[in-house]
Participant: 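Encoded as structure tokens, here's the structure I'll be asking about.
Note on naming: letters A, B, ... go to the chains in the order of the sequence lines (proteins, then strands), and numbering restarts at 1 for each one.
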Protein chains: 2
Amino acid sequence: MAPRSQSVTINDVAREAGVSKSSAARVLAGRGSSSPKTQKAVHEAAKRLGYRPNALAKAMVSGSSKTIAAVLPDVANPFFSAALRGLTDAARSAGFEVLVANTDNDPDVETRSIELLTEKRVDGFVIAPVFQDEPDAISRLVNDEIPVVLLDRRMPALADVPLVSLDHVGASELATESLIELGHKRIAIVTEAVYDSQGVSGFPPGIDTGALRPSAQRLLGYRNALGKHGLPLEHDLVVHAEYTWRSAQKAVRRLIESGQDFSALFCTDAVLTAGAYKAIVEAGVPIPETFSFIGFDDQEWTTLVSPAISVLDQPRHALGATAATRLLAQIRHITANQQDVRLPANLIPRGTTAPPR
Amino acid sequence: MAPRSQSVTINDVAREAGVSKSSAARVLAGRGSSSPKTQKAVHEAAKRLGYRPNALAKAMVSGSSKTIAAVLPDVANPFFSAALRGLTDAARSAGFEVLVANTDNDPDVETRSIELLTEKRVDGFVIAPVFQDEPDAISRLVNDEIPVVLLDRRMPALADVPLVSLDHVGASELATESLIELGHKRIAIVTEAVYDSQGVSGFPPGIDTGALRPSAQRLLGYRNALGKHGLPLEHDLVVHAEYTWRSAQKAVRRLIESGQDFSALFCTDAVLTAGAYKAIVEAGVPIPETFSFIGFDDQEWTTLVSPAISVLDQPRHALGATAATRLLAQIRHITANQQDVRLPANLIPRGTTAPPR
DNA sequence: ATGAAAGCGCTAACAT
DNA sequence: ATGTTAGCGCTTTCAT
């Protein structure tokens, strides 16, 4: 039986091949020079013994663990699991592995995770951060010159850390404008953001919106689109909901029952879309006859129901992959191109959008 | 500005505290004995310098990296992302981190991933393996005495590796029997398994079914339930579909159009459930009036549609968590309790099940 | 082309 | 209680 390869070291290989440790190392690394004879002997010995290089030892001396960390709110959330997939794909093809941590949006958990992962000497972090005023753990990373890329959300206090996210504003503009072009004038929006308290109302168009939360940015895009077409923003059509489908369901039920005059409804998030849809189904109002409906994220079920739901699709996989790619560039000290990346959303018109009647 | 904590070593702390390296190590590890004075000095020095222990170095000497690997087909798949969440939760609370790899059910990718992760000296593996005759990479792990737990699927060749999975047979029996108890006698099933070619037909009841694929086990449960109640298994009601929702959609459409006499339909997988549901919606047949319907996995959309779909819920999070717990026990050399674990499914009756009319 | 030796940061005997 | 020393498995000068 072959020896336990876990414990076969380069020393064993060297001995078996009848050469010195450094010769074996050279051959195995394919660096430096060695005679064909030595190469053959080493390779055969390694194979015979089932030698497996110890990446830990390698990392210790090289200073790189070839591992990156993904610190996300919840890998079971479809958005993040898709992003994680993109992330691992990109990492893998660069020869990196990925270590995951869930934060559940708890600042303390986030801090602790970052701490632990730093001790494991990951080469960099992709973090979808918890919103907080003083993200000390992340700041420390930056201070320690450990590469970091933010995913999906920026922290105001972390202005100089590159961000990879959806173009939230543009996405929302796209959806809203598509509705306007269909002829809609009274478009309702379901949002997690609170219009006035988050400065959306007074937000000057055109300047950097990175400091706002995604939800506020999406609301902003809606406002922009309306403004661009000379349409008023009516507060009664901005329906607020907490970040749960039950809350959205309740809010949309109320909107429908209120008898408000609107001909289209746009949901700014996957969870809100689910709740809104449930309210619509329960109310028994036919769409798009009663009003048009655009959901967020191309979730599987949106094509299962009838009519299939028109959605704004977010390139989740690409977001993760891009974040990883950017991080890897940083790790390789390619200092150029440290700006933010905003990927566009894709509008998928299906059966729930139509001209108003 | 504080020094880059990445490069602060225990030597620096020792020097700063005016003690020897080993004293510092003792204090930091909280092992051995040290005077209160030394303790204070070391802790303060560590804090002042922003010392971060190097887990890599620790792992090298201790032989444990405090990291486990999750080798899964696809983390973006809801089943596996939920399982991964359970896995990381359990690992985290034991002080372990998790490294993920996707295989896309490609044997070569799986092999390569296992190879790479082994080089990183993970302490163990949770693997949802790709089906293949000779899972050499996994066998090698076992041979090298690296702890492994299989998730969801067993490989025939890996009979002695512990498995954590759903009780596929029992789950299917549960759903089928619930239908029978409702009065249904002609129950159709949508399955990925092929009845005869996978030995389900001839499978003796009661013996270990672990070697069968999940899909075959679920089909077996259906057969068992029918048999138990003296109902015949009718081949025309066993509708086969590939593992895509389109295939299931097509198959169920055909079933409906065929005019076959059946009063209930049970889907044995999440993907098949989606396709079947789409076919039902398209055919415009009202359920449960036309026939009862039980789907697989408590997917979000199943509660969104109307009526909400009755489903067989799989404890995905618990599956992952249990796998991790078992693995950790193995890592700690708790050799007892190496048997398989089969978690029960939970039947959630909602609006699509009713007595036949 | 090859080998000897130092050292990455840490732990763990073993002295003192 | 504290310090010295010897590794863990590897890469990397530096000689030869």
Side-chain angles (χ1 to χ4, degrees), chain A residues 3-43 45-46 49-67 116 118-123 144, chain B residues 3-43 45-46 49-67 116 118-123 144:
Chain A
R4 287 194 48 199
S5 45
Q6 279 274 53
S7 46
V8 174
T9 77
I10 200 168
N11 272 309
D12 301 319
V13 174
R15 192 179 321 115
E16 174 85 7
V19 299
S20 74
K21 179 168 58 162
S22 33
S23 287
R26 265 189 298 264
V27 173
L28 260 11
R31 256 195 302 270
S33 43
S34 46
S35 72
K37 193 167 115 192
T38 303
Q39 296 183 18
K40 186 159 174 287
V42 171
H43 280 131
L49 263 29
Y51 171 68
R52 282 223 191 84
N54 184 330
L56 257 32
K58 208 174 283 194
M60 273 216 49
V61 6
S62 73
S64 164
S65 61
K66 289 285 195 175
T67 304
L116 252 22
T118 306
E119 293 183 0
K120 295 223 162 130
R121 295 305 190 261
V122 295
D123 293 329
D144 287 351
Chain B
R4 286 194 49 198
S5 45
Q6 279 274 53
S7 46
V8 174
T9 77
I10 200 170
N11 271 308
D12 301 319
V13 174
R15 194 179 321 115
E16 174 86 7
V19 299
S20 76
K21 182 167 57 159
S22 38
S23 287
R26 265 188 297 262
V27 173
L28 261 11
R31 257 194 302 269
S33 44
S34 46
S35 72
K37 191 166 118 191
T38 304
Q39 295 185 15
K40 186 158 176 285
V42 171
H43 280 132
L49 262 28
Y51 171 68
R52 282 224 191 83
N54 184 331
L56 256 33
K58 208 174 284 194
M60 273 216 47
V61 7
S62 72
S64 164
S65 60
K66 288 284 193 177
T67 304
L116 253 21
T118 306
E119 292 183 2
K120 294 223 162 132
R121 296 302 190 260
V122 295
D123 293 330
D144 288 351

Participant: What is the distance from CD of B/E119 to P of D/dC10, rounded to the nearest Å?
Facilitator: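 Between P of D/dC10 and CD of B/E119: 10 Å.
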Participant: Does the side chain of B/S23 get closer than 4.0 angstrom to OP1 or OP2 of D/dT2 through an N or O atom?
Facilitator: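 Answer no for this pair, as no side-chain N or O of B/S23 is under 4.0 Å from OP1 or OP2.
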Participant: Which is true for B/R26 with a 4.0 Å heavy-atom rule: it touches a base, it touches only sugar-phosphate, or it touches nothing?
Facilitator: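 Base contact - B/R26 has a heavy atom under 4.0 Å of at least one base atom.
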Participant: Counting side-chain heavy atoms from C-beta on, which of D/dC10, D/dT4, D/dG9 comes nearest to A/K58?
Facilitator: D/dC10
Participant: Regarding D/dT11, can its base be found pairing with the side chain of A/S22 as donor and acceptor, where the two atoms are less than 3.5 Å apart?
Facilitator: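 Answer is no: no donor-acceptor pair is held.
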Participant: Consider the side chain of B/P53, meaning its heavy atoms from C-beta on, and name the nucleotide among D/dT11, C/dC10, D/dG9 that approaches it most closely.
Facilitator: C/dC10
Participant: For the pair made of CZ in B/R31 and P in C/dC10, what is the distance, rounded to whole Å?
Facilitator: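 Those two atoms, CZ and P, are 14 Å apart.
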Participant: Are a donor atom and an acceptor atom from the side chains of A/S64 and A/S62 found within less than 3.5 Å of each other?
Facilitator: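 The answer is no; no qualifying pair exists.
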Participant: Can you give me the closest heavy-atom contact between A/D123 and A/K66, atom names plus distance?
Facilitator: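 Shortest heavy-atom separation between A/D123 and A/K66 comes out as OD2-N, 2.7 Å.
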Participant: Would you indicate, yes or no, if D/dG9 has its OP1 or OP2 atom less than 4.0 angstrom from a side-chain nitrogen or oxygen of A/T9?
Facilitator: no
Participant: Testing the basics here: between B/S65 and B/R121, what is the closest heavy-atom pair and its distance to 0.1 Å?
Facilitator: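 The answer is OG-O, 2.6 Å.
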Participant: Any base atoms under 4.0 Å from A/S35, or only sugar-phosphate, or nothing? Heavy atoms, all strands.
Facilitator: sugar-phosphate
Participant: What is the distance from CG of B/L28 to C1' of C/dT11, rounded to the nearest Å?
Facilitator: 12 Å
Participant: Can you tell me how far P of D/dC8 sits from CE of B/M60, to the nearest Å?
Facilitator: 8 Å
Participant: Quick one: salt bridge (charged side-chain N to carboxylate O under 4.0 Å, His left out) pairs with a partner in residues 26-38 of chain A, sequence neighbours left out?
Facilitator: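 Checked against salt bridge (charged side-chain N to carboxylate O under 4.0 Å, His left out) - neighbours excluded - no pair reaches residues 26-38 of chain A.
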Participant: When you match A/K21 and A/T38 each to their closest nucleotide on DNA chain C, which lands nearer the 5' end?
Facilitator: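 Counting from the 5' end, the first nearest nucleotide belongs to A/T38.
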Participant: Can you check the A/Q39 CD to C/dT2 P distance for me, whole Å?
Facilitator: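 Between P of C/dT2 and CD of A/Q39: 9 Å.
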Participant: Specify the separation, in whole Å, of atom CG of A/L49 and atom C1' of D/dG9.
Facilitator: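 Computing the A/L49:CG to D/dG9:C1' distance gives 15 Å.
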Participant: Quick one: A/I10 CD1 to D/dC8 C1', roughly how many Å, whole number?
Facilitator: 14 Å
Participant: Taking CZ from B/R121 and C1' from D/dC10, how many angstroms apart are they, rounded to a whole number?
Facilitator: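 Distance, rounded to whole Å: 11 Å.
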Participant: Which heavy atom of B/L49 sits nearest a heavy atom of B/D12, and at what distance?
Facilitator: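 Nearest pair, atom of B/L49 first, then B/D12: CD2-O, 3.7 Å.
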Participant: How would you label the contact of A/S62 with the nucleic acid (heavy atoms, under 4.0 Å): base, sugar-phosphate, or nothing?
Facilitator: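 No contact.
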